[in-house]
Amino acid sequence: MPLGYVLVTTAQLGAGEAAAFLWRPRVGELLWNTVRLLVTGVACCLLIGLAGAWVVERTDLRGRGWWHALMCAPLAVPAFVNGYGWVSTTHAVQSFAGAVMVTTLSYFPFVYLPTVAAMRRLDPAVEEVATSLGHGPWRVFWWVTLPAISPAVLGGALLVGLHLLAEYGALQLLNYPTLTTAILQQYATVFNGPAATLLALVLVLFCLLLLLLEHLLRGRRPLARVGSGASRSAVCVPLGRHRHTVAIALALLAVWSLAVPLVSLVRWLVKGTSAGIDVAELIGAIGTTLGLGAAGGLLATVTAVPVVWLAVRHRSALSMFVERSVYTASAMPGIVIGLALVTISIRVMPSLYQTVVVLLVGYTVLFLPRAVVSLRGTVELIPASLDDVARSLGCRGSEVMRRVTLPLALPGLAAATALVALAVSTELTATLLLAPTGTDTLATKFWSDASSVAYGAAAPYALALIILSIPATWLLGRLSTPGDRTEVAR
Amino acid sequence: MSAALEVRGLAVGYPGRPVLRGIDLTVAGGVTAVVGPSGCGKTTLLRTIAGFHAPDSGTISIAGRDVAGPGRAVPARSRGLGFVPQEGALFPHLSVAANVAFGLPRGERRSLERARELLAMVDLPVELLDRYPRDLSGGQQQRVALARALAPRPALVLLDEPFSSLDAGLREGTGRAVVAALRSAGASALIVTHDQGEALSLADQVAVMIEGRFLQVSAPAQVYLAPADPRVASFIGHATLLPGVATSRAAATCALGALPLRTAVAPGPVEVAVRAEQVQVHRAGGLGVEGVVEDVSFYGHDAAATVRLHGGERIAARIPATGVPESGVRVRVEVLGEVVAFSTAPTPTDETGLSAGEGTMVPEATA
C-alpha cells in the first residue's frame, strides 16, 4: 500500500523531471552518505553483537547475567535520545564517524539478542563434536556455531540495516544528512510531495537490495533441531589470562553506550528542573505512550502469526511474497507511511482521518517486520513432526496452531510484542504525522523540545522514555535464557 | 472383521521421481514390519498411509474404511490411526500426562485415569506423569510417544523407525515392550525399520521393500528360510549369492561344491544363496573347499568372517566364538544343510532382471 503510494506520486511527477531531480550532485552526496553509513554501521553492529554474544554465552566470564543485561540495555535508550546525549555533550560527533558510532551503540543489541537466543538453543553436542575433531574454539565458532545460528544473525543484521535506512531523529541531531533526513526536510520545508517520494523510492530500492541479500545468504537449509533427549548447557571456553581484557572491553562498551548519554541526560535534567517541569503534561504523555505501545505491540504480533506460519511451514512463491512485502514497509521512513496513510484515509475513509485507528495501522505496517523476525526464529525451530503427530491425533489446522505451535512459540510471541511495544513507544516521525491532534507521546514531546535546542526541557521526557523502555528490554533479555522458557510456556 | 489396513496398487512419487510403484499390502492384525534398505520408500509409504502425502494412484483402507482412492482423500486428522515418528516427537511444552491425553476428546483430557492406564500398558512408572519430555530418557520418550498414539484407541498404529535412535541395550527391551503394549491394546501395527533383526524378531508379518516395491510379504520364518527373490535372501540374513548350475530339481553346484536345495528349481543356470550360519570353517586339512580368511569381526557370542575362495568369491560365515581363525589363515569351507537357489535362466516372466554373476552382495553385519 505505501509502496503503491510512492509509485503513484512518483508517476505524477513525470519521468524527465524525475531524472533531472535525481541527477543532482546533492542526491549523489545523500546516496554516498546513506551507503557508507549502512555498510559501516551493519559491519560494526555484527562485530560487536557477535563477539558480545560469544563472550557472554560461550566463555567462563564471571557475572554473565550482568553482562547480558548490560548488552541488552542500549535497547532502552532510543537512538535519538542517544544522539541527543552525545550532541549535547560534544559537537565532535557531528560527522560520519560520529554517526556510525552513535547508531552502532544504539543498534548492536539487535544482533546480540537473537544471536544469544540462538546460541542457547543450539545443541551443544555439535560444538563438542567439532572440538573433538581437533578444532579450536575460534574455528568451532566459525564453521559450526555460526552457520547454525546464521538465520538469527542475519535477521539481526537485516533489522540493523533497515533501521539505519529509516533513522531520522538521531541523524538529524548529528547533522548527518541521509536520504531519510532529506525526505523529511523536503516535506517539512517545501512540502514537495512527489520529489520527496522519489527519494523514498530510492530508499525502497535499498531495502529490496538488503532483503535480497539476506534471502540469498539464508538459503533453504532446514534448521529444525535434530536429536532428542535433554538439552545440556554448552561447555565453556576458558578465557584464561585474557579474562580481564575481555571484561574491561565489555565494561568500556557499556560505559560508551550507556554512561555517556545517561550522564549527559542527568546533567540536563538537573539544569532543566531548575526551570520547572509540567508534571501533568508529563504524566499524560506517559499514559498515551503506554497505551499506544501495548495496543501496537499486540496488533502487530497478531498480524505476524499468519505471515510467519506461511513463511515457515508452507514455503511458496506467494508466502515469500507476503513475507518480503512486509519487510519493504519498514525500510520506508515513518513519514512516508504516515503520509500514505493520511492520503488514503482522507480519500477512502474520511471518518478515520485523525483517529487512533490510523495511527495503530501505521504502527503495524511499520513494525510488523520486527514481530515477524523475532517470531520466525522461534517457529523455525519447532520440528514439523510435531504437526504431523498432532494431526494424526485428530487436530485440524487451527487446533494444531492453538495447542502445539502457539504454546511453543510463546517466547517468540512475547518477544515480538515487547519489541514492537518498545518501538512504538519511541517512534517519532509517523506519530508526529498520524497522531490525532492533542495526542502527545513522550517521543513527540521530547522531539519538539530537543529539536529546538531546549535540551533541559527535553530531558524529563527522555528519562521517562528510557524508564518506560526498561521493562520491555528486560523481558527481551530474559526471554533469551533457556531456563525461563518453559516457565513462560506453562 | 475387515483387515486393519488394506493397500492396493499404491503409487506415490514426487514430480519426476517415482518412489512407490504399485504397493499391495494387507495387515489383517498383529504387527507387520516393513523392512528395506535406506531410501527404498518405506517412510513415504508410512506417511502416505497416515495422510501426510497424497498418492498418485491406488487405494488405502483402514479398518474397512476407504481413506484414499480415486476422488477420495480423508485428511490425516480423521483417519483414526496412531502415528509414532522417529525419535517420538513428544510435545516439549506439555507434561507426560498432557502428551498422552493430547488426542483424547476434550472432556477426557482432564482425568488422569486413561493416561495412567496407558503408562502401565507401556510399562512405565506412574510417577512420570508430571515429568516433561526433556527429563525422560530416549527409551522412555519412545514409550510415551506410543502411549500417546494408543490413547484414542486406534485400530492401527504406524511407527517410523521407532527404535533407531535408541542404543542397542535399550532397543531390544523397548521393542518388546512396544509390541506387548500394542497387543494388549488390541491394535494392529505397521513398523518401518531398516534393521532386519528387529523386523524378524518383533513382527508377525514381514514385508521386504526394495526400490519402492514389495519383493516378499510373509511370516518372518518364511522370509528367512524361503526367500522369494535373491535380493530378499541377500538383504535378510547374511546370505552370499553365488552363480551356479542346478543339476537336478533338488541339487546345484557352485563354487562351494554340490549342494542340496530346499526348494525345487528348474535345472539350468541358478543363483545360490548360502546363509552365513550354514558355512562351516575348518582349519586347513579337513573337508570342503579351500580359501583364505580375509576379515574377521568378533562379537562375543560368535564372530563373522569373510573367506575368499580361489576363484575370488567372497563367502560370509558365522563362526562360534571358541574357534575364530585369524585373518590371512588358510581354511576349508563347508556348507551344512540345504540352500535356496533362484533360476537365472531368461524366461518371459522373469521380472527380477538380475542376471547370473551380477554382484555378490555381502550384507552388512548387524551387531
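Here is the naming used below: chain letters follow the sequence lines, and residue numbers restart at 1 for every chain. Keep in mind that the numbers below use all heavy atoms, side chains included, and drop hydrogens, waters and symmetry copies.
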Report task. Step by step, work out the side chain to side chain contact (heavy atoms under 4.5 Å, CB included) result for A:Val389 and B:Arg148. Result -> CA-CA 9 Å; A:Val389 170; B:Arg148 178 180 61 184; 3.3 Å; yes
Requested in this report: Would you name the heavy atoms of B:Ala89 and A:Leu386 that are closest together and state the gap between them?
Outcome: O-CD2, 3.1 Å
Query raised in the report: For atom CZ of A:Arg402, is the number of surrounding heavy atoms from other residues, nucleotides or ligands below 6.0 Å larger than 12?
Result: yes
Query raised in the report: Which residue out of B:Arg109, B:Arg47, B:Gln86 racks up the most heavy-atom pairs below 4.5 Å with chain A?
Result: B:Arg109
Query raised in the report: Can you find a heavy atom in the side chain of A:Asp388 that is under 4.5 Å from one in the side chain of B:Pro85?
Result: no
Report summary line: CD1 (B:Ile49) and OG (A:Ser392) are apart, to the nearest 0.5 Å, by 13.0 Å
Requested in this report: Determine the option with the most heavy-atom pairs under 4.5 angstrom with chain A, choosing from B:Ala50, B:Gly103, B:Pro75.
Outcome: B:Gly103
Requested in this report: Please check if the side chain of B:His93 supplies one atom and the backbone of A:Arg403 the other of a donor-acceptor pair under 3.5 Å.
Outcome: yes
Report summary line: The reported gap from CZ in B:Arg106 to CD in A:Glu399 (rounded to nearest 0.5 angstrom) is 7.0 Å
Report task. Answer yes or no for A:Arg391 and B:Phe52: cation-pi contact, defined as NZ/CZ to six-membered ring centre under 6.0 Å and angle to ring axis within 45°. Result -> no
**Report entry** Crowding at CD, B:Glu6 (>12 non-hydrogen neighbours, <6.0 Å)
**Finding:** yes
Query raised in the report: Roughly how far, to the nearest 0.5 Å, is the CG atom of A:Leu393 from the CG atom of B:Asn99?
Result: 9.5 Å
Report task. Tell me, for B:Leu104 versus chain A, whether the close heavy atoms (under 4.5 Å) come from the side chain, the backbone, both or neither. Result -> neither
Report summary line: Counting heavy-atom pairs under 4.5 Å with chain A, the top scorer among B:Phe91, B:Phe102, B:Phe83 is B:Phe102
